[in-house]
Amino acid sequence: MTNSRKLIFNTALLTAAAFIMRTVDVSFNVFITNRIGAAGIGLFQLTLTVYAMAVTFGCAGVRFGATRLNVDLLSRNPQASLRRPMLMCLGWALGVSTVIAIVLYTAAPTIAEHWLHDIRTLPSLRTLAFGLPMVSLTAAMTGYFTAVRTVYKSALAQGFEQLVKISFVVFFLQRMLPQGLEYAALGIVYGMVIGQAAVMLLSFLLLRQSRYIKRKGDGSPVPFRHLLRIAGPEAAGACARSVLLTTEHLLIPRGFEASGRSNEEAMRIYGVVQGMTLPVLLYPSAVLSSLSSLLVPEFSQLRVQRQQEKINESVTKVLKLALMYGVFAGGMFYAFAYPLSHVIYGNHDAAKYLQLLAPLVPIMYLDMSVDGMLKGLDQQKASMMYNIIDSAICVALVYILLPRIAIKGYIIVLFVSELYNFFFSIRRLLKVTQAPRPTLAQVINPILCVACAAVVPIGISRFIFPLMLTSVPGLVFAILLSIGIYLGTLRATGCVRSFSLRRL
């Protein structure tokens with residue numbers, strides 16, 4: 001299989017797995033929301049913001065380092081054994097994550113009382129600390145599977161994790177929910193940690209069967225400084241950004257309260273935006289997040305082999321694809337915001353936020369692809385700098401705007417953050433590759449095409465079948481019809497050729 005076809009195959013495989021996982025996640029999120037309410041989701045999301053920072057410190061560029069280190073070695077010597085490099089990656093992952101887990105467990109009372117201002121989060125934080133080493137080790141093995149292009153193993157492990165996690169979360173929720181929101185959140189955490197243990201064990205079994213691990217190569221050691229040079233900037237940037245991002249999310253509920261909301265209302269608004277709206281907006285990005293992770297080894301190999309022309313061509317294709325896909329997703333969210341919110345959550349709480357943030361979707365999706373290409377081209381230092389500055393700006397804006405204009409201020413923060421990061425990231429990408437800049441027509445044409453694609457199903461629902469968008473089958477039919485019209489108009493306007501359309 002050629003590299004191009006392998007990339008398409010692996011992207012399709014990861015995308016299918018990611019869509020299944022995100023469908024399960026969104027459906028499961030609906031189940032949890034219905035059981036514990038928006039305030040309970042807000043409390044759980046607040047706990048996860050601190051845990052996300054701990055995971056970032058515990059993983060510290062482990063996945064990216066494992067991917068790049070192994071790709072670079074195989075690009076220079078296709079017969080190399082990857083056993084010793086992976087042992088180094090796993091040792092680093094285990095050592096760093098264990099230290100962070102101990103810190104999280106020890107500091108949990110202080111974090112719950114003084115950071116989160118809610119002592120109910122203490123048991124969940126301490127339980128999550130036990131999962132940190134497992135998450136870090138799994139990240140290293142996932143990076144390895146990406147490097148050697150056996151992503152089906154990652155997909156299999158993710159599916160197994162979801163199955164185990166959901167089963168145990170449902171089990172614990174049924175028994176612990178009557179005791180209050182604190183115990184309901186703890187039940188969800190128990191399921192998460194058990195799922196993390198399951199995926200780590202399965203990933204390890206799959207790793208042992210890999211031919212690159214079994215291979216008897218020259219066994220020459222890889223200097224740790226080489227791993228540190230690759231993953232160091234990624235780890236430093238991720239850690240710094242995580243601190244700022246956690247600070248931002250801790251300030252959000254307090255900012256809502258300072259604007260005149262009660263604690264319960266502040267948690268509800270935070271839960272609607274973070275726990276209900278953003279997961280739906282990011283659901284279709286499974287395609288581009290899968291592509292982004294696979295672009296790292298592809299562009300790294302091209303860079304090592306000095307195939308600059310191929311790099312430029314690939315950058316142009318990826319940007320065009322990501323733009324067309326992002327514009328379509330944003331258009332669908334804007335057109336079907338109220339039906340989507342009603343069908344998914346049974347209410348319209350998330351609808352207005354879906355419409356407000358829909359114009360930002362193409363930027364968010366493009367930025368995912370750009371980030372993957374930059375990391376593959378050894379530009380992680382630049383990416384780190386942009387992310388840190390972006391997060392610092394967000395913290396300042398949240399502190400200034402939310403007490404004054406509440407949710408409007410948060411929407412402004414999201415727009416400023418995404419636009420800043422995307423502008424500097426794509427400028428850097430175009431500078432290091434000399435790829436041509438996207439033209440105005442390449443931006444305008446997909447917008448006009450998605451407008452045509454949305455008008456037809458909305459017209460049908462308004463004048464022929466008024467109840468079409470109130471049910472899951474009707475909404476799915478409307479979106480599928482929009483996809484067909486969108487692809488047809490893209491072809492008719494010359495945005496894509498027939499060959500590209502068949503490949504897509």
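Note that the structure is predicted; figures quoted are calculated from it, not measured.
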[X] (side chain) donor-acceptor with [Y] (main chain) under 3.5 angstrom:
X      : Y      : value
Asn70  : Ala66  : yes
Thr277 : Tyr353 : no
Thr489 : Tyr486 : yes
Ser425 : Asn421 : yes

Nearest 0.5 Å please: distance from the [atom1] atom of [X] over to the [atom2] atom of [Y].
X      : Y      : atom1 : atom2 : value
Cys449 : Met324 : SG    : CE    : 9.5 Å
Phe422 : Tyr386 : CZ    : OH    : 13.0 Å
Leu469 : Leu340 : CG    : CG    : 9.0 Å
Glu161 : Leu202 : CD    : CG    : 10.5 Å
Asp390 : Phe423 : CG    : CZ    : 14.0 Å
Tyr334 : Leu356 : OH    : CG    : 9.0 Å

Would you call [X] and [Y] a side-chain contact if the rule is heavy atoms closer than 4.5 Å?
X      : Y      : result
Leu319 : Val370 : yes
Val189 : Tyr51  : no
Phe328 : Pro284 : no
Leu429 : Gln379 : no
Leu366 : Ile426 : no
Phe299 : Val315 : yes
Ser482 : Val456 : no
Thr316 : Pro436 : yes

Tell me the closest heavy-atom pair linking [X] and [Y], and the distance in Å.
X      : Y      : answer
Gly409 : Leu402 : C-CD1, 3.8 Å
Val318 : Ser369 : CG1-CB, 3.8 Å
Thr138 : Gln196 : OG1-O, 4.5 Å

- Message: Going by ring pair (Phe, Tyr, Trp, His ring centres under 6.0 Å), name the residues that satisfy it together with Phe64, two or more places apart in sequence or in a different chain.
- Response: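 With sequence neighbours excluded, Phe64 shows a ring pair (Phe, Tyr, Trp, His ring centres under 6.0 Å) to no residue whatsoever.
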- Query: Can you list the residues that meet the ring pair (Phe, Tyr, Trp, His ring centres under 6.0 Å) rule with Tyr420, with sequence neighbours excluded?
  - Reply: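 Tyr420 satisfies ring pair (Phe, Tyr, Trp, His ring centres under 6.0 Å) with Phe424 only.
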- Going by atom types alone, do Ser210 and Tyr144 pair a side-chain donor with an acceptor below 3.5 Å?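 On atom types as modelled, these side chains qualify, holding a pair under 3.5 Å.
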- Query: Does atom CZ of Phe172 have more than 12 heavy-atom neighbours from other groups under 6.0 Å away?
  - Reply: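 Yes, enclosed.
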- Query: In this structure, are over 12 heavy atoms from other groups packed under 6.0 Å from Phe415 atom CZ?
  - Reply: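 More than 12 within 6.0 Å, yes.
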- Item | Residues Leu278, Leu357; criterion side chain to side chain contact (heavy atoms under 4.5 Å, CB included); working and verdict | CA-CA 9 Å; Leu278 289 179; Leu357 295 174; 4.1 Å; yes
- Can you check side chain to side chain contact (heavy atoms under 4.5 Å, CB included) on Thr67 and Phe145, steps first, answer last? CA-CA 8 Å; Thr67 299; Phe145 295 141; over 6 Å; no
- Task: Classify the ring geometry between Tyr365 and Tyr325 as parallel (under 30°), tilted (30 to 60°) or perpendicular (over 60°).
- Result: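 Rings of Tyr365 and Tyr325: parallel, under 30°.
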- After noting the C-alpha distance and the side-chain angles of Tyr338 and Val343, does the key distance pass the side chain to side chain contact (heavy atoms under 4.5 Å, CB included) rule? CA-CA 9 Å; Tyr338 282 87; Val343 166; over 6 Å; no
- So Val193 and Phe168, side chain to side chain contact (heavy atoms under 4.5 Å, CB included) or not? Walk me through it. CA-CA 10 Å; Val193 173; Phe168 278 95; over 6 Å; no
